Trainee: 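Pasting a structure below so you can have a look.
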Amino acid sequence: MNRDFLSIVTKLNESKHILVVGHIMPDGDDISSVLSAKIGLERLGKEVLAGIDWRIPWYFYEFEEVNQIMTFEQIKESGFKPEVLLILDASSLDRIGRFQEYFETTNVFVVDHHATNTLFGDHNWVDTKFGSTAQMVMRINNELGVPYDENLATLNLMGIATDTGFFKYSNADETVFSDATKLVSLGGKVYLVSRIFENKRIEQFKLLSIMIDHLKLEFDNKIAYSFLSKADYENNNCSEDDSGGFVGELRSLKGVELAIFLSEYVTDEVHISFRSKDWFDCSKLATILGGGGHQRAAGCSLKGDLHVIVEEVIREAKTLFLTSSRSSVNLAE
Ligand code: 5GP
Ligand code: MN
């Protein structure tokens with residue numbers, strides 16, 4: 001058994017007041033992990049608050065438990081004094097936003113599956129073998145003896161399903177399937193999770209068509225990229241939440257190895273998502289640009305003019321693409 005896993009479980013068991021936090025720009029795995037840990041620890045009689053210092057995309061509110069996730073302001077105002085800060089799915093301290101304020105006064109436990117994790121906690125259980133952080137939370141809950149019902153099983157399943165692209169990505173290994181099977185046998189419902197993403201507003205279709213209008217291909221169609229400006233969102237009554245999954249559409253093009261989607265979520269602030277199909281290391285590119293992530297999915301945020309950032313990022317991507325061995329072979333074909 002992993003030493004950090006055991007110390008985290010032992011210390012959680014001994015603690016009474018726990019603050020569970022996720023990362024900024026939360027995704028399904030993060031929200032699932034935060035809620036599964038919060039609800040699990042509460043079932044053991046602990047006082048637990050959960051926080052994410054970012055707006056949660058509207059479609060996750062299909063699960064009413066998402067309302068339990070508090071803002072930074074709400075947690076501050078509550079006067080809650082946690083002994084433990086349990087940080088989930090965040091690869092570095094800056095990823096938790098203003099919750100960094102609790103860093104000095106608490107025992108900090110980090111549970112994550114990103115290779116780019118900087119091991120910034122007092123105890124760090126970081127294991128890149130897991131397809132999702134939700135599976136790591138499931139192990140913590142199991143070790144602590146948390147009882148599962150349909151709700152908790154479905155929430156926990158959400159992280160596994162979303163981080164593996166609904167069991168399609170290369171991280172969908174045997175453990176992913178056996179963990180999912182276990183949750184399904186406890187009452188977890190994959191169809192309830194998938195419904196979150198099959199609940200689109202018509203404005204999102206329009207936004208997708210604009211993203212497709214902006215699409216450009218490079219290197220014999222091996223790199224696909226596109227962007228949306230703040231104005232594109234506003235003119236279509238959308239926010240950045242509405243473009244979730246667009247980068248996956250770019251990657252789905254035949255022949256594309258690297259897909260890049262740049263999203264100006266606040267004027268002059270751009271989030272960039274990278275996705276690759278077979279060999280390109282997205283985490284390497286994201287790290288060069290100040291972000292992080294996994295080999296097949298990574299991201300970063302940059303400040304400045306959108307069009308300047310598009311140029312810079314594509315230049316950096318092309319350079320790394322050319323110097324990565326497989327591409328030189330491919331391009332020489
Ligand atoms: P997405 O493109 O969906 O925002 O993120 C893809 C992956 O990269 C996720 O695992 C996410 O946590 C990670 N990621 C995205 N943006 C950043 C960033 O700015 N810094 C770090 N360290 N990781 C990021
Ligand atoms: Mn994750």
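Since the structure is predicted, the reported quantities are computational estimates derived from the model, not experimental observations. As the structure lists them, so they are numbered: ligands from 1, and atoms in each ligand from 1.
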Trainee: Between F72 and F99, does the ring centroid distance fall short of 6.0 Å?
Mentor: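 Yes, close enough.
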Trainee: I'd like to know if D149 and R43 make a salt bridge, using a cut-off of under 4.0 Å between side-chain N and carboxylate O.
Mentor: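 Between R43 and D149 there is a salt bridge, with a charged N closer than 4.0 Å to a carboxylate O.
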Trainee: So does E240 pair up with R55, basic N to acidic O under 4.0 Å?
Mentor: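 A salt bridge links E240 with R55.
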Trainee: Can you pull the residues with any heavy atom under 4.0 Å from ligand 1?
Mentor: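 Near ligand 1, by chain and number: S91, R95, H114, H271, S273, R275, G291, G292, G293, H294, A297, A298, G299, C300, S301.
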Trainee: Do F227 and H307 have ring centres separated by under 6.0 Å?
Mentor: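 Between H307 and F227, which both carry aromatic rings, the centre distance is below 6.0 Å.
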Trainee: Between R139 and D179, is there a salt bridge with N-O shorter than 4.0 Å?
Mentor: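 Looking at R139 together with D179, the answer is yes, because their closest N to O distance falls below 4.0 Å.
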Trainee: Does the side chain of L289 reach to within under 4.5 Å of the side chain of I272, using non-hydrogen atoms?
Mentor: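 No, too far: nothing below the 4.5 Å cut-off.
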Trainee: Between the side chains of D53 and R98, is the shortest nitrogen-to-carboxylate-oxygen separation below 4.0 Å, so that they form an ion pair?
Mentor: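 Yes, charged N to carboxylate O under 4.0 Å.
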Trainee: Tell me whether R251 forms a cation-pi arrangement with Y169, defined as NZ or CZ under 6.0 Å from the six-membered ring centre and within 45 degrees of its axis.
Mentor: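 That pair qualifies as a cation-pi contact.
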Trainee: Pull up every protein N/O/S atom sitting under 2.8 Å from the Mn ion (ligand 2), skipping waters.
Mentor: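 You should have found D29 OD2, D89 OD1, H113 NE2, D163 OD2.
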Trainee: I'd like to know if K230 pairs up with E269 as an ion pair, taking the criterion as any Lys NZ or Arg NE/NH1/NH2 lying under 4.0 Å from an Asp or Glu carboxylate oxygen.
Mentor: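 Salt bridge flag = no for E269 with K230.
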